[in-house]
Amino acid sequence: QVQLVESGGGLVQAGGSLRLSCAASGRTFSTYVMGWFRQAPGKEHEFVAAIRWSGGRTYYLDSVKGRFTISRDNAKNTVYLQMNSLKPEDTAVYYCAADSSPSTVVDQNSWRYWGQGTQVTVSS
């Protein structure tokens, strides 16, 4: 069983930065694939980024490449999402996700564990 708790959301002006954190419980955290999704009002969950257990392989939504960076600290059971050059269209609730082996990284249905979400609002 894995429990996920996100933090770090908030209100920021366009062009600003935020760093989201996701603290995970469970002894097998280091073996899990970790990811971030987001959901804007009236829209479905959208894949944002993911990172393999070793930290060497990462995946990104095209629109966040070069602006967002996912990383993990297995010693702290924590995954991060550094978000720079934020845009109003990045406004959403951001969710942390975990799975031992998601079949399709960009598909929310492939992920077993979810956090409660943290709100990110980018003003223009």
Checklist entry - Hey, quick one: are Trp36 and Leu4 part of the same hydrophobic cluster, counting side-chain heavy atoms closer than 4.5 Å, chains of contacts allowed? => result yes
Checklist entry - Given the side-chain rings of Tyr95 and Phe37, with only the six-membered ring counted for Trp, is the space between their centroids under 6.0 Å? => result no
Checklist entry - Any link between Phe47 and Val93 through a network of hydrophobic side chains (Ile, Leu, Val, Met, Phe, Trp, Tyr) touching at under 4.5 Å? => result yes
Checklist entry - Should Tyr59 and Ile51 be marked as a side chain to side chain contact (heavy atoms under 4.5 Å, CB included) after you check the CA-CA gap, both sets of side-chain angles, and the distance that decides it? => result CA-CA 6 Å; Tyr59 310 81; Ile51 187 167; over 6 Å; no
Checklist entry - Between Ser110 (side chain) and Thr104 (backbone), is there a donor-acceptor pair under 3.5 Å? => result yes
Checklist entry - Do Tyr94 and Gln119 touch side chain to side chain, with heavy atoms closer than 4.5 Å? => result no
Next on the checklist: Assigning hydrophobic clusters by single linkage (Ile, Leu, Val, Met, Phe, Trp, Tyr; side-chain heavy-atom cutoff under 4.5 Å), is Tyr113 placed with Leu81?
Outcome noted: yes
Checklist outcome for this item: Interatomic distance, OG1@Thr121 vs CG@Leu18, rounded to 0.5 Å, equals 9.5 Å
Next on the checklist: Checking Val79 against Ser71 for the side chain to side chain contact (heavy atoms under 4.5 Å, CB included) test, could you report, in this order, the C-alpha distance in whole Å, the side-chain angles of both residues, the deciding distance, and whether it holds?
Outcome noted: CA-CA 6 Å; Val79 63; Ser71 62; over 6 Å; no
Item to check | Value rounded to 0.5 Å, distance of CG in Asp99 from CD in Gln108 | outcome: 13.0 Å
Checklist entry - Is Val33 reachable from Val106 through a run of hydrophobic residues whose side-chain heavy atoms are each under 4.5 Å from the next? => result yes
Item to check | Donor-acceptor contact present, side-chain Arg19 to main-chain Gln82, <3.5 Å | outcome: no
Checklist entry - With distance as the sole test, does Tyr60 use its side chain to make a donor-acceptor pair with the main-chain N or O of Ile70 at under 3.5 Å? => result yes
Checklist entry - Is there a donor-acceptor pair under 3.5 Å between the side chain of Arg112 and the backbone N or O of Val2? => result no
Next on the checklist: Treating Thr91 as the side-chain partner and Val122 as the backbone partner, does any N or O pair qualify as donor plus acceptor under 3.5 Å?
Outcome noted: yes
Next on the checklist: Set out, in order, the CA-CA distance, both residues' side-chain angles and the distance that settles side chain to side chain contact (heavy atoms under 4.5 Å, CB included) for Leu20 and Thr118, then state yes or no.
Outcome noted: CA-CA 8 Å; Leu20 305 183; Thr118 185; 4.0 Å; yes
Next on the checklist: Any non-hydrogen side-chain atom of Ser17 less than 4.5 Å from a side-chain atom of Val12?
Outcome noted: no
Checklist entry - When rounded to the nearest 0.5 angstrom, what is the spacing between NZ in Lys87 and OG in Ser63? => result 7.5 Å
Checklist entry - Does some side-chain heavy atom of Val120 sit less than 4.5 Å from a side-chain heavy atom of Asp90? => result no
Next on the checklist: Hydrophobic clusters here meaning ILVMFWY residues chained together by side-chain heavy-atom distances under 4.5 Å, can you tell me if Phe68 and Leu11 are in one?
Outcome noted: no
Next on the checklist: Using side chain to side chain contact (heavy atoms under 4.5 Å, CB included), reason through Met34 and Arg52 one step at a time and then give a plain yes or no.
Outcome noted: CA-CA 7 Å; Met34 302 298 297; Arg52 294 273 173 194; over 6 Å; no
Next on the checklist: Using modelled atom types and a 3.5 Å cut-off, is there a donor and acceptor pairing between side-chain atoms of Asn77 and backbone atoms of Ala23?
Outcome noted: no
Checklist outcome for this item: Checking Glu44, Glu46, Glu6 against Arg38 for salt bridge (Lys or Arg N to Asp or Glu O under 4.0 Å), the one that qualifies is Glu46
Next on the checklist: When you compare the side chain of Thr78 with that of Arg72, does any pair of heavy atoms fall below 4.5 Å?
Outcome noted: no
Item to check | Enclosure of Glu89 CD (heavy-atom neighbours >12, cutoff 6.0 Å) | outcome: yes
Next on the checklist: Suppose we call two aromatic rings close when their centres sit under 6.0 Å apart. Are His45 and Trp111 close by that rule?
Outcome noted: no
Next on the checklist: Between Lys65 and Asp62, does any side-chain N to carboxylate O distance fall below 4.0 Å?
Outcome noted: yes
